[in-house]
Amino acid sequence: MRKESYDFLKRLLSTPGPSGREEAVSRVWREEARGFAAEVRGDRMGNSFATLNPGGRPRVMLSGHIDEIGLIVIHVDEQGLIRFKGVGGWDPQVLVGQRVRIQTRDGEVFGVIGKKAVHVMEAEERKKVSEIKSLWIDVGAKDAEEARGMVRVGDVAVLDQEPLELPNGRLASRALDNRMGAFVVLEALRLLAGEEGLSAEVVAVATVQEEVGIYGARGAAFGLDPDVAIAVDVTHATDTPGIPKNEYGEHPLGGGPVIARASVLSPLVTDGLISAAEREGIPYTLEADSSRTGTDADAIHLSRAGIATGLVSCPNRYMHSPNEMVELGDLEGCARLIAAYVRSLGPDADYFVR
């Protein structure tokens, strides 16, 4: 991966942006897009758009959600300890003992997630898994008054975990689900920016609020009314212990893009992505879903009178944890695949079922 792209990816991963409060990380994305896109804008929901070749045909939407799972303050008790809920789907076990960055009107407040120490638990308590309602955030306040001067109910937080570079081009970080997708769609746009004779109008979209209901993609797709769309997200890497391949398929780190075949996806788009991968010599694996995909694709394909939609994913270990892991070559493969597919589209591309 070129250094400039890698630096951009790390900026995305380091910037807080839980669902509903994506402003800071969206600004990072739009700033990068201005270097090569013809048009860059936002909308009222918080989605960000970067357009190449405006007025071209067909209109192609590339969607990657930029929000991450996080926490939200719901109560400050008399000891100054902060109770919270999850924003998006957490396994509470991974929260115990983590450091957090609370986003407040006066800047970031740092704290730690606490629970009762094992030494003072009763025997039966030790056998129970942690629940979020039994955890709290400690910001070091001496009492409720001090804590309430630091944070307000409704402030959001992310885990304090910076990207960690590992051997073999592997990267661990919070928020790879799905800053990776927002990165890939903009990287695909960059690859297309220097193309001669590009027919399509291509709009990369960093969508919001996916982790709480796939809301941003719904509004973005309705506003754009594209002819075709490709959603980009993570999928489970299945090369770790205990993940049955007969249930989840075979998608190792380094295996390349994962192209989905699903009931809600357009076979025309899916087959086009497969053909592009084979034409370009890009390794890939196939993933099957019998109904919905759990990604932006589920909202996009239902927009207006229906949009022909495909899904490209990247294998990700330890999803919804502070140390998700991907291989950079897979991200590059996803961007190359999408660019190759878009490059092949002519002005008369037809997605109607005959």
Checklist entry - Taking atom types as modelled, is there a side-chain donor on Ser5 or Glu187 under 3.5 Å from an acceptor on the other? => result yes

Item to check | Distance in Å, Met61 CE paired with Ile300 CD1, rounded so as to fall on 0.5 Å steps | outcome: 4.0 Å

Item to check | Min side-chain heavy-atom separation Val151-Val76 under 4.5 Å | outcome: yes

Checklist entry - Just by distance, with hydrogens left out, do Asp296 and Ser63 show a side-chain donor and acceptor under 3.5 Å apart? => result yes

Checklist entry - Are the side chains of Leu192 and Ile338 in touch, meaning some heavy atoms are under 4.5 Å apart? => result no

Checklist entry - To the nearest 0.5 Å, what is the distance between CD1 (Ile82) and CG (Leu71)? => result 11.0 Å

Item to check | Ser130 and Lys115: side chain donor to acceptor below 3.5 Å | outcome: yes

Item to check | Over 12 foreign heavy atoms within 6.0 Å of CD, Glu247 | outcome: yes

Next on the checklist: Would you say that more than 12 heavy atoms from the other residues, nucleotides or ligands in this model lie under 6.0 Å from the CZ of Arg34, or not?
Outcome noted: yes

Next on the checklist: Would Glu68 and Glu22 count as a side chain to side chain contact (heavy atoms under 4.5 Å, CB included) here? Give the steps.
Outcome noted: CA-CA 8 Å; Glu68 62 182 298; Glu22 301 93 344; over 6 Å; no

Next on the checklist: I'd like to know if Val205 and Ile214 are part of one continuous hydrophobic network [Ile/Leu/Val/Met/Phe/Trp/Tyr, side-chain heavy atoms within less than 4.5 Å].
Outcome noted: no

Next on the checklist: A quick test of your reading: do over 12 heavy atoms of other residues, nucleotides or ligands sit less than 6.0 Å from CZ of Arg2?
Outcome noted: yes

Item to check | Worked check of side chain to side chain contact (heavy atoms under 4.5 Å, CB included) between Arg179 and Val25 | outcome: CA-CA 9 Å; Arg179 300 285 159 70; Val25 69; 3.7 Å; yes

Next on the checklist: Do Ile66 and Leu12 make a side-chain contact, defined as non-hydrogen atoms from C-beta onward lying under 4.5 Å apart?
Outcome noted: yes

Next on the checklist: Within the 4.5 Å heavy-atom criterion, are Trp29 and Phe183 side-chain neighbours or not?
Outcome noted: no

Checklist entry - Would one find more than 12 heavy atoms of other residues, nucleotides or ligands at under 6.0 Å from atom CZ of Arg148? => result yes

Checklist entry - Does the side chain of Tyr284 come within less than 4.5 Å of Glu278's, by heavy atoms? => result yes

Next on the checklist: Within the supplied structure, the quantity of interest is the number of heavy atoms (other residues, nucleotides, ligands) at a distance under 6.0 Å from Phe222 CZ; does it exceed 12?
Outcome noted: no

Item to check | Arg190 atom CZ, neighbour heavy-atom count above 12 within 6.0 Å | outcome: yes

Checklist entry - Do Tyr6 and Val234 share a hydrophobic cluster, counting only Ile, Leu, Val, Met, Phe, Trp and Tyr and linking them when any side-chain heavy atoms are less than 4.5 Å apart? => result yes

Next on the checklist: Show, in sequence, the C-alpha distance, side-chain angles and deciding distance for Thr104 and Asp155, and conclude whether the side-chain hydrogen bond (donor to acceptor under 3.5 Å, both in side chains) test is met.
Outcome noted: CA-CA 6 Å; Thr104 80; Asp155 285 343; 5.2 Å; no

Next on the checklist: My understanding is that only residues two or more places apart in sequence, or in another chain, count here; which of them pass ring pair (Phe, Tyr, Trp, His ring centres under 6.0 Å) with Phe49?
Outcome noted: none

Item to check | Under the salt bridge (charged side-chain N to carboxylate O under 4.0 Å, His left out) test, residues paired with Lys128 that sit two or more places apart | outcome: none

Checklist entry - Is the closest side-chain heavy-atom distance between Val94 and Pro322 below 4.5 Å? => result yes

Checklist entry - Taking atom types as modelled, is there a side-chain donor on Glu287 or Thr235 under 3.5 Å from an acceptor on the other? => result yes

Checklist entry - Quick check: does any side chain N or O of Thr285 sit under 3.5 Å from a backbone N or O of His251, one acting as donor and the other as acceptor? => result no

Checklist entry - Do Arg99 and Phe110 come within less than 4.5 Å of each other through their side chains, counting heavy atoms only? => result no

Item to check | Shortest non-hydrogen contact from Glu210 toward Thr295 | outcome: OE2-CA, 3.7 Å

Next on the checklist: Checking Val212 against Val87 for the side chain to side chain contact (heavy atoms under 4.5 Å, CB included) test, could you report, in this order, the C-alpha distance in whole Å, the side-chain angles of both residues, the deciding distance, and whether it holds?
Outcome noted: CA-CA 7 Å; Val212 293; Val87 177; 3.9 Å; yes

Checklist entry - Any side-chain donor-acceptor pair under 3.5 Å between Asp177 and His320? => result yes

Checklist entry - Given Val112 and Asp160, is the side chain to side chain contact (heavy atoms under 4.5 Å, CB included) satisfied, shown in steps? => result CA-CA 9 Å; Val112 298; Asp160 185 18; over 6 Å; no

Checklist entry - Do Ile102 and Leu81 sit in the same hydrophobic cluster, where Ile, Leu, Val, Met, Phe, Trp and Tyr count as joined when their side-chain heavy atoms come under 4.5 Å apart? => result no

Checklist entry - Roughly how far, to the nearest 0.5 Å, is CZ of Arg218 from OG of Ser303? => result 9.5 Å

Checklist entry - Between Tyr248 and His236, what is the ring plane arrangement, given parallel below 30°, perpendicular above 60°, and tilted in between? => result perpendicular

Could you pull out all donor-acceptor pairs under 3.5 Å where a side-chain atom in residues 253-274 meets a protein atom, sequence neighbours excluded?
unit_1, atom_1, unit_2, atom_2, d
Ser263, OG, Ser290, O, 2.6
Ser266, OG, Leu268, N, 3.2
Ser266, OG, Val269, N, 3.4
Thr270, OG1, Ala260, O, 3.4
Thr270, OG1, Ser266, O, 3.1

Next on the checklist: Please tell me whether His65 and Thr207 have a donor and an acceptor in their side chains that are separated by less than 3.5 angstrom.
Outcome noted: no

Checklist entry - Would you say Leu62 and Leu198 are hydrophobically clustered, going by side-chain heavy atoms of ILVMFWY under 4.5 Å? => result yes

Checklist entry - Does a side chain donor of either Arg317 or Thr240 reach within less than 3.5 Å of an acceptor in the other side chain? => result no

Item to check | Side-chain donor-acceptor pair present, Asp233, Ser313, cut-off under 3.5 Å | outcome: no

Checklist entry - If you measure from CD on Glu39 to CG on Asn53, what distance do you get to the nearest 0.5 Å? => result 10.5 Å

Checklist entry - Does a side chain donor of either Glu162 or Ser14 reach within less than 3.5 Å of an acceptor in the other side chain? => result yes

Item to check | Side chain Asn178, main chain Val232, donor-acceptor under 3.5 Å | outcome: yes

Checklist entry - Hey, is the main chain of Arg170 close enough, under 3.5 Å, to the side chain of Asn168 for a donor-acceptor pair? => result no

Next on the checklist: Nearest 0.5 Å, please: how far is CD1 in Ile74 from NZ in Lys133?
Outcome noted: 11.5 Å

Checklist entry - Would you say Glu201 and Thr51 make side-chain contact, with heavy atoms under 4.5 Å? => result yes

Checklist entry - Do any N or O atoms from the side chain of Asn47 and from the backbone of Asp43 form a donor-acceptor pair under 3.5 angstrom? => result no

Next on the checklist: Test of understanding: clusters of I, L, V, M, F, W, Y form through side-chain heavy atoms closer than 4.5 Å, transitively. Do Leu224 and Val208 belong to the same one?
Outcome noted: no

Checklist entry - Is the CD atom of Glu145 crowded by more than 12 outside heavy atoms at less than 6.0 Å? => result no

Next on the checklist: Would you say that more than 12 heavy atoms from the other residues, nucleotides or ligands in this model lie under 6.0 Å from the CD of Glu4, or not?
Outcome noted: yes

Checklist entry - Could you state the interatomic distance from CZ (Arg83) to NE2 (His75), rounded to the nearest 0.5 Å? => result 8.0 Å

Checklist entry - Do any N or O atoms from the side chain of Trp90 and from the backbone of Ile69 form a donor-acceptor pair under 3.5 angstrom? => result no

